[in-house]
Amino acid sequence: MIEIFLSSGIGLYSAGIWLNVLLAVVGVVLVLWGADRLTDGAVGLAERMNIPQMVIGLTIVAMGTSMPEFCVSFVSALKGTSDLAVGNVVGSNILNTMLIVGVAALIASMDIPKPTVKKDIPFAILASAALFLFCLDGNISRTDSGLLLILFVFFMAFTFHTTKGTDIGKQDEKKKPMTLFRVGVWLLVGLACLIFGSNVFVDAATKVASSLGVSDAVIGLTIVAGGTSLPELATSVLAARKGNSGIAIGNVLGSNVFNILAILGITGLISPMHIHGIGTTDLSMMLGGIVLLWLFSFTKYTIARWEGFLLSAIYIGYIGFLISGVI
C-alpha cells in the first residue's frame, strides 16, 4: 500500500512538472503572437501620427512590454520577497541589453539614430548607475524610490521635448496608413497576449525552479527575468526582422529606464525593499551591459552582427556563472 501511495505521489509530481512545462510553452506562443501584433500596431500608430518610431518604442511599446515586470516586482515586494522584485528588474535589464539587442543584431544589423546614442542611451546609463548606488547599502528606501520617480518624469518630458518637430522623413506614399480602429485592436490584443502569456510562463517556470530549491534572487535574475522580458525579446526581434530598428532599440532602452525608474520607484514608495541576494556582480553586469551597448553604438551608429554575437555570448556566460553557483 505504501509503495502504491509513493509511486502515485511521484507520478502526480512528475505530471505536475510536465503540466507546467506545457503551460510555459503556451505562454511563449502567446507572447510571440502578441509581440507581432503589438509591433504592427505601434508602427501603424507612428505612421498615422507622424511620430518617430523611436518615440513610440521608448514610450508606448516600452511601457506595455514592461507591464509583466511591474506586476511581478510589485506583488513580490508586497509579499516580502524583495530579492525577487529587484532581481526581476536587474535580470530583465541585463537580458534586454545583452541578449535581446544581441539576438536582434544577429538577425539584422541595427541602425542606431544619433539622438539615441547622444541622449537616450546615456539616460539609461544614468538610471542604471542610480540603481547601482542605491543598492550598495542593501536597501531601496522611500527616498531612493522618490528620486527614481523624479528621474522618470524628467525622462518622459525630455523624450517628448527633444523629439518635437523631428523630421522623420517622407512616408511611403504608396502605402495606405493603418486605420485607427485596427491600430487600437492590435495594440490592445498584442498587449493582452504579452501580459497574459508572460504571466502563464513565469508562474509555470517559477514552480519548476522552486521545486529544485533555487533562491529568490537567482529565480528573479534568471527565470522570472527571462519570462517577464519575453515581450521585449519578441517585440524587438520581430521589429528588427521587419526592418524597424527604431522600434527594436527604443523598446529595449525605454523598458530598461521604465523598469528601474518607474517600477522600482512606485514599488519602493509603497513598500521599501531590503536586498540580500543581489550582489555587485549582478549590478555591475547591468551597468556594464548598457555602457558596452553605448560603446558599440559609436561604430558607424550601428550594432553589427559580430557585436550582437559578443553581447549574447557575455549574457550566456553570466547565466552560466549564476547556475554554477546553484549547482
Side-chain angles (χ1 to χ4, degrees), residues 58 62-63 65-98 119-159 215-222 224-226 228-229 232 252-294 315 318 321-322 325:
L58 283 167
M63 290 183 187
T65 56
S66 288
M67 282 298 105
E69 283 94 335
F70 177 78
C71 295
V72 170
S73 292
F74 186 76
V75 173
S76 297
L78 291 180
K79 291 183 177 179
T81 53
S82 298
D83 277 349
L84 185 61
V86 179
N88 175 36
V89 168
V90 173
S92 293
N93 280 19
I94 295 172
L95 189 147
N96 287 350
T97 306
M98 297 287 197
K119 296 181 240 182
D120 299 322
I121 299 181
F123 202 96
I125 293 175
L126 174 63
S128 300
L131 179 59
F132 185 99
L133 292 174
F134 291 160
C135 289
L136 289 179
D137 63 353
N139 297 282
I140 297 181
S141 65
R142 284 192 170 92
T143 301
D144 297 336
S145 301
L147 291 173
L148 292 176
L149 274 178
I150 291 172
L151 279 175
F152 178 69
V153 172
F154 175 78
F155 169 72
M156 293 302 295
F158 179 75
T159 298
S215 69
D216 286 342
V218 173
I219 290 176
L221 287 165
T222 55
V224 176
T228 56
S229 289
E232 287 90 343
V252 166
L253 296 176
S255 294
N256 279 15
V257 172
F258 186 84
N259 288 349
I260 295 174
L261 302 184
I263 292 178
L264 292 184
I266 295 172
T267 301
L269 273 180
I270 297 174
S271 177
M273 292 171 281
H274 304 287
I275 308 163
H276 304 288
I278 309 300
T280 54
T281 299
D282 309 307
L283 296 168
S284 297
M285 278 293 298
M286 176 189 66
L287 180 58
I290 191 66
V291 171
L292 186 60
L293 175 62
W294 189 40
Y315 179 78
Y318 166 69
F321 169 76
L322 289 179

Considering only heavy atoms from C-beta outward, does the side chain of [X] approach that of [Y] to under 4.5 Å?
X: Thr267; Y: Val86; value: no
X: Met285; Y: Asp282; value: no
X: Ile125; Y: Leu287; value: yes
X: Ile278; Y: Asp83; value: yes
X: Phe152; Y: Ile266; value: no
X: Phe134; Y: Leu264; value: no
X: Leu131; Y: Val90; value: yes
X: Thr281; Y: Phe321; value: yes

Review point. Any idea how Phe158 and Phe154 line up, ring-wise: parallel (<30°), tilted (30 to 60°), or perpendicular (>60°)?
Key: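 Judged by the thresholds at 30° and 60°, the geometry between Phe158 and Phe154 is parallel.
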
Check your understanding: Among Ile121, Ile290, Leu253, which one satisfies side chain to side chain contact (heavy atoms under 4.5 Å, CB included) with Thr97?
Key ->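 In the set Ile121, Ile290, Leu253, the residue that makes a side chain to side chain contact (heavy atoms under 4.5 Å, CB included) with Thr97 is Ile290.
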
So which heavy atom on [X] is nearest to which on [Y], and how close?
X: Ile260; Y: Ala127; answer: CG2-O, 3.6 Å
X: Gly87; Y: Ala225; answer: O-CB, 4.5 Å
X: Ser145; Y: Gly268; answer: OG-CA, 3.0 Å
X: Gly289; Y: Met98; answer: CA-CE, 3.4 Å
X: Tyr318; Y: Leu221; answer: OH-CD2, 3.8 Å
X: Phe123; Y: Leu261; answer: CE2-CD1, 3.8 Å

Check your understanding: Would you say the side-chain atoms of Asn139 pair up with the backbone N or O of Ser141, donor to acceptor, closer than 3.5 Å?
Key ->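 It does not hold such a pair.
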
How long is the gap from [atom1] on [X] to [atom2] on [Y], to the nearest 0.5 Å?
X: Asn259; Y: Ser92; atom1: CG; atom2: OG; result: 5.5 Å
X: Leu148; Y: Thr143; atom1: CG; atom2: OG1; result: 11.0 Å
X: Phe258; Y: Asn93; atom1: CZ; atom2: CG; result: 12.0 Å
X: Tyr315; Y: Leu95; atom1: OH; atom2: CG; result: 3.5 Å

**Study point:** Polar contact flag, side-chain donor to acceptor under 3.5 angstrom, Asn256-Ser128
**Key:**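 Asn256 vs Ser128: no donor-acceptor pair found between side chains.
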
